[in-house]
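Per chain, numbering begins at 1; letters A, B, ... match sequence-line order. Just so we're clear, the structure is a prediction, and the values are computed from it rather than from any experiment.
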Amino acid sequence: MMNNILSINKSKQGNTRKMSNKNNKIKENGYAIIIKDLVKRYDDIIAVDGLNLKIKDGELFSLLGPNGAGKTTTINILNGLVKPTEGTAIVGGYDVKKELKNVKKLIGVCPQEAAVFKYLNAEENVKLFGDLHRVNKKVIKERMNKHLETLGLTEYSKRKAKGYSGGMLRKLNIVMALINDPKIAFLDEPTVGMDPRARRATWEFIGSLKEQNKTVILTTHYIEEAEALSDRVGIIDYGKLIELGSPKELLAKYEAKNLEEVFLNITGRRILEGI
Amino acid sequence: MNFQGLFGLIKIELKKLIREPAILIMNLLFPAILTLVFGLTFGAIGGGDTGGVNTFDIMAPGLFAYACIFIIMTVAMSFADEREEGLLRRINVTPISSSEFLGSHIITNMIISIIQVVLVFLFSVLMGFRPLGGVWGVVMAFILMIILSLCSVGLGLLTASIAKSGAVAVGISMIFILPQMFFGTFLPLSPTTEIIALFLPSYYVTHSITLIFHGAEILSAEILLSLTVVSIMAGVIIFIGVLMFKKYGSEK
């Protein structure tokens, strides 16, 4: 009898492992994201221009660039919102053009604007997105309570989002994006409009995602945010990747005091050169 | 099928009905108040013609249709607002399919239309309306109203595909609401408007409900023909509405 139970448990474990392998397909030689010759054209405007980039599994990668550089378009191609004109993008081992359904199961997206249902409270908003990702109800509750507490929203969790400040909406935006415990998180300017204290708390929270071995793709205008959090930084302008490296490598290469200096050096020069 | 996501969406849309004053007024209070006002003005209680059939008895079936027609506006407003606030894009990056998402809205509006019809029916009875046709007549009337609501959801989707904001959606939805109100409910028709009415789903529904509530056989050829026509209309409108919304409506 004991043997039977053991064999059933073993077979259950096997099934779980098999399933998790299928659902968590990510390894493409250790890369969570592979972008190859990616192009996005809108009529005669080229938003992304032959972008090539590989992001390692478990890496916190920041995508920097001036306004209209192509950061959000790139993110939107990776999460399936925008179809690329040319090239390929592999997210978590799946091609975004052919296997978008599988991509959506692996990702969490925190959009640039705080997209929340204003007539719902924080808990209801988060629960809805847990439901959309088919997360177990008990798990949703546990995870939601943990995230809301970490970001200091527990006290306001039963208040309708309509009454939230800009910073609180931003925090809720992040919690909603992470309720499915995604393997890959896209955070598009997550701390815009937050006061410095809230921003620091959010940085800590984003940093903790790295400890959980999640791949985080962060776009931000706060260069110090990228410098403090990122393993590597990619600077994009006119839809092209113009610099790539760890903050340390870039500081050394440009003999700069901080990443902002590097950023201005690269993008400023390009503006002056009229590229 | 992602039932968890589907029910989650239905739940929040129903919460919206209660929590958003504009939606609550448009969907529930407006039809109820309209029924009360018309009932008091033209019904037996308000001193209308009490000998046999009074004006309110003639108007009541059109009032049922009125309630469902206004779904066009609330659906269009709701989709346009959600798109403007970036919620459609956000939902679009979750594993729920667009069919499941639109399905949740269709189911929600079916539920709302049932509540509306129950309200209008109760207030009509309160105002002295005594329909013939028995329980099955009422059931058939409900079926017709639900199909009319489907048409309204489709027209709402069409409106939301064109409109850039919730406010614009309200204006555009009038293109679909007003002809149905004036030519497809209880107002007398001229030979010209009668031709227009033949293209309006509310006309068939009001006509059938009028027949049912005045004692016609619920499975009579005329009612079944109306049911068929309005069902085909609903299918076509929903198909075009979903297609248009998927193509033009879900993007900002």
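In this structure, R89(B) does not pair ionically with E113(A), as no charged nitrogen and carboxylate oxygen lie closer than 4.0 Å.
Counted within 6.0 Å of NZ on K97(A), heavy atoms from surrounding residues, nucleotides or ligands total more than 12; the atom is thus considered enclosed. Heavy-atom contacts from other residues, nucleotides or ligands closer than 6.0 Å to CZ of F182(B) number 12 or fewer.
Taking the side chain as every heavy atom from C-beta outward, I91(B) and F129(A) approach each other to under 4.5 Å. Put simply, the side chain of K162(A) reaches to within 4.5 Å of the side chain of E20(B), judged on heavy atoms. A heavy-atom distance below 4.5 Å is not found between the side chains of K11(B) and L128(A).
Here the CZ atom belonging to R134(A) is positioned 8.5 Å from the CD1 atom belonging to I96(B), to the nearest 0.5 angstrom. With rounding to the nearest 0.5 angstrom, the OG1 atom of T94(B) is 10.5 Å from the CE atom of M176(A). Once rounded to the nearest 0.5 Å, the distance linking CZ of F117(A) with CD of E85(B) reads 8.5 Å. Q4(B) CD to N136(A) CG: the interatomic distance, rounded to the nearest 0.5 Å, is 7.5 Å. In this structure, K127(A) NZ and I12(B) CD1 are separated by 13.5 Å, a value rounded to the nearest 0.5 Å. In this structure, L100(A) CG and N92(B) CG are separated by 8.5 Å, a value rounded to the nearest 0.5 Å.
Ranked by heavy-atom pairs shorter than 4.5 Å toward chain B, the options K101(A), K104(A), K160(A) are led by K104(A). Among the candidates I107(A), N173(A), V103(A), the residue making the largest number of heavy-atom pairs closer than 4.5 Å to chain B is N173(A).
With a 4.5 Å cut-off on non-hydrogen atoms, N76(A) touches chain B through its side chain but not through its backbone. Proximity to chain B (any heavy atom under 4.5 Å) is restricted, for I140(A), to the side chain, taken from C-beta onward. Of the atoms belonging to L9(B), heavy atoms from both backbone and side chain fall under 4.5 Å from chain A. No part of E100(B) comes within reach of chain A, as not one of its non-hydrogen atoms sits under 4.5 angstrom from that chain.
The heavy-atom pair separating P111(A) from R90(B) by the smallest distance is CD-CZ, 3.6 Å. Between L120(A) and K15(B), the shortest heavy-atom contact is CD2-CD, 4.0 Å. Between G86(B) and A115(A), the shortest heavy-atom contact is O-CB, 3.6 Å.
Formation of a donor-acceptor pair under 3.5 Å by the N2(B) side chain with backbone atoms of H133(A) is not found in this model.
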